[in-house]
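It should be emphasised that the depicted structure is a prediction, and the values quoted were computed from it without experimental measurement. Sequence lines set the chain letters: A, B, ... in the order given, protein chains first and strands last, and positions in each chain run from 1.
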Amino acid sequence: MRRIDMELRVRFAPSPTGPLHIGGARSALFNYLLAQKTDGTFIVRSEDTDRERSSRESEHNILEALRWLGIQWNEGIEVGGEHGPYRQTERLELYRKYTERLLQSGDAYHCYCSEEELEAERQALIAQGETPRYLGKCRNLTTGERARYEAEGRKPVVRFRIPEGEQIVIHDHVRGEVAFESDGMGDFVIVKSDGIPTYNFAVVIDDSTMNITQVIRGEEHLSNTPRQVLIYQALGLKMPEFAHISLILNTEGRKMSKRDGDTAVIDYQKKGYLPEAIVNFIALLGWAPPGEDEFFTLDKLAEAFSLERVSKSPAVFDLNKLNWINAHYMKQAPLERLADLALPHLREAGVLPEGELSPEQREWIKGYVHAILERLDYMAQVREFVHYFVGAEVPEPESAAAADVLRGEQVLSVLSLLADKVETAKDLNGESTKGILKGITKDLKLSGKLVYMPIRVALTGQMHGPELYDIIPLLGRENVLSRIKQTQSRIGNA
RNA sequence: GGCCCGUUGGUCAAGCGGCCUAAGACACCGCCCUUUCACGGCGGUAACGCGGGUUCGAAUCCCGCACGGGUCACCA
């Protein structure tokens, strides 16, 4: 066999009717990984035959999401290649030719049934406890009958003629051999009355003409595969190999749907998750690495990936684990990058102005992110900590216990000494703050607890939180003094 | 409803007939670290859906049942 015959060609073929979902991203990823691993070709095309719901905007969004994740394609939309065009609506002429062949050979025929007629047939079958399907009313129309329908102005669809009594066996790389009987299938529509092919037809022509060697897609396509196989056979086309990967479920064990909250890649991008964390996480849904290691870059994934280790059972999307993985990558990321990521969320929180930032502001963001990094699962959470670090106002003590801390007899002297030291400090930074705090315990001969806790509550209203030597410099001299003053007067009034 | 797929701890999963008195990870709980919390370290609780076979031996193979899911569109 020549090299060219052996080259692996895989594809991701989303329908541009919405954002890229987590499940779609995983399908794309698995295809991409296999192509990378084997030096094959990864193609992205668009299945936009649903004119009602498809949009260029969605297509663009999906492509952007793939790029953001780092999933690159070397052939297809916006990239080009020898097998284009890569949008189904731009390939109509091609489908027409194949339709003609099927019509000629008798493997397909025109059907003039109206929606009402079909619906009535469906209901009747359901009432009899049978599989709702098309029974083949128009299978053998005479020319006269056809002419009469045409005269009525009916626009026909083209249906594929399902052979009787045939068994279709699919060799699936994930599921093994799966057998279907042709008898339960009705003749299905391959070309709609507006001349646009349906998915099951177009996908066959595309995969075939693009020389796809492996079709890796979601399990929801498994039941449709025998229909596609029949078309390959009728047309005498070479069939790709199949691999159907299991679905991703929500916490209730059902297929992830919009109602479960964040199901699109963009949702996570907006919340400030890192793309490498998402990739790592979804790779682990339905695929198990050979060793103990759980952290994989895209390159490492491509090295380690294989269909043999893809599991048959569906996986539940576990946000906890995503968060853990994301936190891991955040701790490794350069502070500059994290600061950029934090920026939009801090703006939204109203603590940073729009427009260009001063170098001091940039430094402040870096300091801030650094101070709270270990408590973050994803970047949008930076908003939850601003009250510690921003503003002249200190929140009321969070609890009775916190209020109690401020009732200690040493508190007022601790606070006024702190105010003195902060006011006179040459430079307020982490180091100098440590010195100040230590100095207070020394000067007043107090235990650490009697110093640190009241200061914490006086400055933040909270019993817990980030290190004081992070809070104080970031808060800034004025805010610290103002917060101290505020607490002092609260104590005085109590 | 017919057809198809699946079923190991709460979750992701290893396991491909003896190495299993079933690995690892997330979550949870406890302890340690930290003059707070978090991070980190150490430890713990927790699973082969049920019933039949096959076999000297089954989480692993076969059959049935149950449960979950997918599909049966002029959606993809």
Return yes if the base of B:rC74 and the side-chain atoms of A:S193 contain a donor-acceptor N/O pair under 3.5 Å, otherwise no. yes
What is the base-pairing partner of B:rA38, counting Watson-Crick and G-U wobble geometry with both distances under 3.5 Å? none
Identify whether any heavy atom of A:P132 sits under 4.0 Å from a base atom; if not, whether one sits that close to sugar-phosphate; answer base, sugar-phosphate or nothing. base
How would you label the contact of A:A202 with the nucleic acid (heavy atoms, under 4.0 Å): base, sugar-phosphate, or nothing? nothing
Assigned partner base of B:rG43, Watson-Crick or wobble definition, under 3.5 Å: B:rC29
Which of these nucleotides, B:rG6, B:rC5, B:rG70, is closest to any side-chain atom of A:E220? B:rG70
If you only use heavy atoms from C-beta on, which nucleotide in B:rG6, B:rA38, B:rG15 is closest to the side chain of A:R309? B:rG15
Against the side chain of A:K321, the closest entry in B:rG6, B:rG24, B:rC75 is B:rG24
Distance below 4.0 Å between A:S311 side-chain N/O and B:rA13 OP1 or OP2: yes
If you check the A:K312 side chain, which of B:rC5, B:rG6, B:rA13 turns out closest? B:rG6
Distance between C1' atoms of B:rU55 and B:rA73 (Å, rounded): 49 Å
Examine distances only and state if a side-chain atom of A:D183 and a backbone atom of A:G165 form a donor-acceptor pair shorter than 3.5 Å. yes
If the cut-off is 4.0 Å, is A:T17 near the phosphate of B:rA76, judged by side-chain N/O to OP1 or OP2? no
Name the nucleic acid region contacted by A:R51, choosing base, sugar-phosphate or nothing; use a 4.0 angstrom heavy-atom cut-off, strictly under. nothing
What's the gap between B:rA23 and B:rC48 when it is taken at their C1' atoms, as a whole Å value? 14 Å
Mind checking A:E181 for me? I need base, sugar-phosphate or nothing, with any heavy atom below 4.0 Å counting as a touch. nothing
Looking for any heavy atom pair under 4.0 Å, which part of the strands does A:G184 touch: base, sugar-phosphate only, or nothing? nothing
Taken to the nearest whole Å, CZ/A:F242 to C1'/B:rC5 is 16 Å
Does A:K192 have a side-chain nitrogen or oxygen under 4.0 Å from the phosphate oxygens OP1 or OP2 of B:rA76? yes
Output field: ring centroids A:H221/A:Y199 closer than 6.0 Å: yes
Distance (rounded to the nearest 0.5 Å) between A:K434 NZ and A:L468 CG: 12.0 Å
Can you tell me the distance, in whole Å, between the CZ atom of A:F201 and the C1' atom of B:rA73? 17 Å
Rounded to the nearest angstrom, tell me the gap between atom CH2 in A:W287 and atom P in B:rA25. 17 Å
Students often get this wrong, so: under 4.0 angstrom with heavy atoms, is A:R175 touching a base, only sugar-phosphate, or nothing? sugar-phosphate
Hey, does A:V178 reach any base, or is it just sugar-phosphate, or nothing, if we go heavy atoms under 4.0 Å? sugar-phosphate
Taking only side-chain nitrogens and oxygens of A:R53, does any of them come within less than 4.0 Å of OP1 or OP2 of B:rA73? no
Among B:rA25, B:rA14, B:rC5, which nucleotide has an atom closest to any side-chain atom of A:W324? B:rA25
Would you mind pulling out the nucleotide paired to B:rA76, Watson-Crick or G-U wobble, both distances under 3.5 Å? none
Between B:rU7 and B:rC16, how far apart are the P atoms? Round to whole Å, please. 16 Å
If pairing means Watson-Crick or G-U wobble with both distances under 3.5 Å, then the partner of B:rG24 is B:rC12
So A:K449, base contact, sugar-phosphate only, or nothing? Heavy-atom distance under 4.0 Å. base
What is the distance, rounded to the nearest whole Å, between atom CZ of A:R87 and atom P of B:rA76? 17 Å
Between B:rG41 and B:rA46, how far apart are the two P atoms, rounded to whole Å? 24 Å
Ring geometry between A:Y368 and A:F389 (parallel below 30°, tilted from 30 to 60°, perpendicular above 60°): perpendicular
In terms of side-chain heavy atoms of A:A288, which of B:rA13, B:rU11, B:rC74 is nearest? B:rA13
So if I take every side-chain heavy atom of A:T441 and compare against B:rC75, B:rU35, B:rA27, which nucleotide ends up nearest? B:rU35
At 4.0 Å (heavy atoms only), tell me whether A:S223 reaches a base, stays on the sugar-phosphate, or touches nothing. base
Below 6.0 angstrom between ring centroids: does that apply to A:F295 and A:H328? yes
Parallel, tilted or perpendicular: which describes the rings of A:Y268 and A:F317, with under 30° parallel and over 60° perpendicular? tilted
Searching all strands shown, indicate the nucleotide that pairs with B:rA59 (Watson-Crick or G-U wobble; both distances under 3.5 Å). none
Please tell me whether A:F30 and A:F305 form a close aromatic pair, meaning their ring centres lie under 6.0 Å apart. yes
What nucleotide, of B:rA76, B:rG70, B:rG6, holds the atom closest to the side chain of A:S313? B:rG6
Quote, to the nearest angstrom, the C1' distance that separates B:rA47 from B:rU8. 6 Å
Just checking A:Y329 against A:F296, ring centres under 6.0 Å apart? no
Could you work out the separation of B:rA27 and B:rG40 based on their P atoms and round it to a whole Å? 8 Å
Quickly work out the A:H221 NE2 to B:rG69 C1' distance and round it to whole Å. 15 Å
What is the nucleic acid contact for A:N224, judged by heavy atoms within less than 4.0 Å: base, sugar-phosphate only, or nothing? base
With RNA chain B as reference, determine whether A:T198 or A:F317 sits nearer its 5' end, using the nearest nucleotide of each. A:F317
Specify whether A:F242 and A:Y232 have parallel, tilted or perpendicular ring planes, treating 30° as the upper limit for parallel and 60° as the lower limit for perpendicular. perpendicular
Mind checking if A:T49 touches a base, just sugar-phosphate, or nothing, with heavy atoms under 4.0 Å? sugar-phosphate
Roughly how many Å is it from CG in A:L230 to C1' in B:rU71, rounded to a whole number? 16 Å
What nucleic acid atoms does A:M463 come within less than 4.0 Å of, heavy atoms only: base, sugar-phosphate, or nothing? base
Go through B:rC4, B:rC39, B:rG24 for me and flag the one nearest to the A:F180 side chain. B:rC4
B:rC65 -> Watson-Crick or G-U wobble partner, both distances under 3.5 Å, gives B:rG49
Would you check if there is a donor-acceptor pair between the side chains of A:R146 and A:Y112 at a distance under 3.5 Å? yes
When the P atoms of B:rA59 and B:rU21 are considered, how many whole Å apart are they? 9 Å
Look at all strands and tell whether A:G186 reaches a base, only sugar-phosphate, or nothing, counting heavy atoms closer than 4.0 Å. nothing
Which sits closer to the 5' end of RNA chain B, A:S246 or A:E47, going by the nucleotide each is nearest to? A:S246
Does B:rC3 have a Watson-Crick or wobble partner in any strand here, with both distances under 3.5 angstrom, and which is it? B:rG70
Heavy atoms only, 4.0 Å cut-off, all strands: where does A:Y452 land among base, sugar-phosphate and nothing? base
What nucleotide among B:rA38, B:rC74, B:rA76 has an atom nearest to a side-chain atom of A:V189? B:rC74
Separation between the C1' atoms of B:rC33 and B:rC42, rounded to whole Å: 11 Å
